[in-house]
Amino acid sequence: MEAREFKDFAYGHFTKISKALSSPRRFELLDYLAQGPKTVERLANETHMSVANTSQHLQALREARLVASSKVKNHHYYELADPEVAKLLQLTKRLAEQQFSDMGEVRASETTAGGSVPVISMAEALKEVASGSAVLIDVRAEDEYASRHLPDALSIPLAQLEENLKQLPVGKKIIAYCRGAYCLYASDAVRLLRERGIEAYRLDEGPADSAISREIDGYGEESL
């Protein structure tokens with residue numbers, strides 16, 4: 001290749017990724033798939049789109065080699081094509097919050113319900129759990145918990161939390177987490193628990209984001 005041909009070839013492929021990420025809905029789909037494989041129907045329900053529209057977005061992501069698909073009986077399952085895709089999502093979120101100050105401000109306001117939901121850091125949470133003074137609960141769906149979860153966390157999906165309050169140990173802090181910094185399930189869980197007189201906190205990271213952040217920052221996953 002001539003130098004110009006090589007540049008056009010390389011940058012043309014780079015922009016296939018950026019074009020695929022140009023839709024907010026596609027980024028959202030990738031964020032859900034970072035939690036584990038999902039069917040088209042479930043993704044459509046999560047994103048409040050029609051199955052047809054969801055399929056079109058997934059096709060664009062597959063053409064960019066960001067997702068892979070498989071068929072099990074009558075259902076098509078999608079998953080991230082490579083762990084590097086999850087890193088790309090995390091780095092994009094970081095950059096967006098760094099470059100747009102309102103991103104972090106709005107996220108903090110929404111996930112803490114204007115400050116009424118207390119947040120605890122990963123380091124603090126792990127210290128509390130190790131000392132026996134707190135319990136971690138994963139309020140995502142059971143299949144997402146099965147795909148990946150933080151050590152020693154109990155699986156109590158948000159929809160089942162109220163009916164399973166008796167499972168929670170008395171006298172211990174409850175630390176709830178969900179899919180990450182932009183997920184509101186943990187916030188809803190903390191509000192419910194506090195309304196029942198239980199000391200509860202939101203962990204502002206999910207299992208996928210937590211592991212990737214530590215890898216990006218130079219820490220081993222064994223620190224979890």
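The first residue in the sequence is number 1, and the count goes up from there.
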Counting distance only, does the side-chain N/O of Ser55 pair as donor-acceptor with the main-chain N or O of Val51 below 3.5 Å? yes

Test side-chain contact (heavy atoms from CB on, under 4.5 Å) applied to Ser69 and Arg62, step by step: CA-CA 8 Å; Ser69 65; Arg62 186 166 62 178; 2.6 Å; yes

Side-chain contact, heavy-atom cut-off 4.5 Å: Leu29 with Met49? yes

From Glu97 atom CD to Asp102 atom CG, the distance as rounded to the nearest 0.5 Å: 10.0 Å

Result of checking Arg25, Lys38, Arg179, Arg140 against Glu46 for salt bridge (charged side-chain N to carboxylate O under 4.0 Å, His left out): Arg179

Please determine if Arg107 forms a cation-pi arrangement with Tyr182, meaning its NZ or CZ atom is less than 6.0 Å from the six-membered ring centre and no more than 45° off the ring axis. yes

How many angstroms lie between CG in Leu43 and OH in Tyr77, if you round to the nearest 0.5 Å? 11.0 Å

Strictly distance-based, threshold 3.5 Å: is any side-chain N or O of Gln35 a donor or acceptor partner for the main-chain N or O of Tyr32? no

Can you tell me if Glu5 uses its side chain to pair, donor with acceptor, with the backbone of Glu2 under 3.5 Å? yes

Is there side-chain contact between Leu168 and Leu193, with at least one heavy-atom pair below 4.5 Å? yes

For a quick test of reading the model, state the closest non-hydrogen atom pair linking Ala113 to Arg191 and the distance between them. CB-NH1, 3.4 Å

Val139 versus Pro157: any side-chain heavy-atom pair under 4.5 Å? no

Can you tell me if CZ on Arg65 sees more than 12 non-hydrogen neighbours from other groups inside 6.0 Å? no

Checking salt bridge (charged side-chain N to carboxylate O under 4.0 Å, His left out) for the pair Glu205/Lys93: CA distance, chi angles, key distance, verdict? CA-CA 13 Å; Glu205 293 184 69; Lys93 293 173 187 176; over 6 Å; no

Check: Leu161 and Asp188 side chains under 4.5 Å, non-hydrogen atoms: no

Distance under 6.0 Å and angle within 45° of the ring axis: does Arg194 meet both against Tyr201? yes

Which distance, rounded to the nearest 0.5 Å, do you find between the CG of Asn164 and the CG of Leu154? 10.5 Å

Donor-acceptor contact present, side-chain His48 to main-chain Ala44, <3.5 Å: no

Does any part of the side chain of Glu128, heavy atoms only, come nearer than 4.5 Å to the side chain of Ile120, both counted from C-beta? yes

If every non-hydrogen atom of Ala20 is compared with every non-hydrogen atom of Leu61, which pair is closest and at what distance? O-CD2, 3.9 Å

Walk me through it: do Asp82 and Lys87 pass the test salt bridge (charged side-chain N to carboxylate O under 4.0 Å, His left out)? CA-CA 9 Å; Asp82 191 276; Lys87 290 184 189 177; over 6 Å; no

Report the C-alpha distance between Val129 and Val135 in whole Å, list the side-chain angles of each, state the deciding distance to 0.1 Å, and finish with yes or no for side-chain contact (heavy atoms from CB on, under 4.5 Å). CA-CA 6 Å; Val129 172; Val135 172; over 6 Å; no

Whether the side chain of Ser18 engages the backbone of Thr15 through a donor-acceptor N/O pair (distance < 3.5 Å, no angle test) should be reported. yes

Could you check whether any side-chain heavy atom of Leu66 comes within less than 4.5 Å of a side-chain heavy atom of Leu21, counting everything from C-beta outward? yes

Are any side-chain N or O atoms of Ser147 and backbone N or O atoms of Asp143, one a donor and one an acceptor, separated by less than 3.5 Å? no

Check: Thr111 and Arg202 side chains under 4.5 Å, non-hydrogen atoms: yes

Which pair of non-hydrogen atoms, one from Ile174 and one from Ile198, has the smallest distance, and what is that distance? CG1-CG2, 3.7 Å

Shortest non-hydrogen pair, Lys71 vs Asn74, comes out as CE-CA, 4.3 Å

Quick one, Glu162 with Leu192, criterion side-chain contact (heavy atoms from CB on, under 4.5 Å). Give me CA distance, side-chain angles, the key distance, then yes/no. CA-CA 8 Å; Glu162 188 158 19; Leu192 187 154; 4.2 Å; yes

Would you say the side chain of Leu203 lies within less than 4.5 Å of the side chain of Leu150, judging by non-hydrogen atoms? yes

Can you check whether Gly132's main-chain N or O pairs, donor with acceptor, with Lys172's side chain at less than 3.5 Å? yes

Ring centres under 6.0 angstrom apart (Tyr11, Phe14): yes

Write down the atom of Ala176, the atom of Ala189, and the distance for their closest heavy-atom approach. CB-CB, 4.2 Å

For the residue pair His149 and Tyr145, categorise the inter-ring angle as parallel (less than 30°), tilted (30 to 60°) or perpendicular (more than 60°). parallel

Show, in sequence, the C-alpha distance, side-chain angles and deciding distance for Arg4 and Phe6, and conclude whether the side-chain contact (heavy atoms from CB on, under 4.5 Å) test is met. CA-CA 5 Å; Arg4 184 68 264 159; Phe6 168 66; over 6 Å; no

So the side-chain hydrogen bond (donor to acceptor under 3.5 Å, both in side chains) pairs with at least one residue in residues 150-160 (sequence neighbours excluded) are none

Which atoms form the tightest heavy-atom contact between Ala134 and Ile175, and what is the distance? CB-CD1, 3.8 Å

So with a 6.0 Å cut-off around CD of Glu163, is the heavy-atom count from everything else above 12? yes

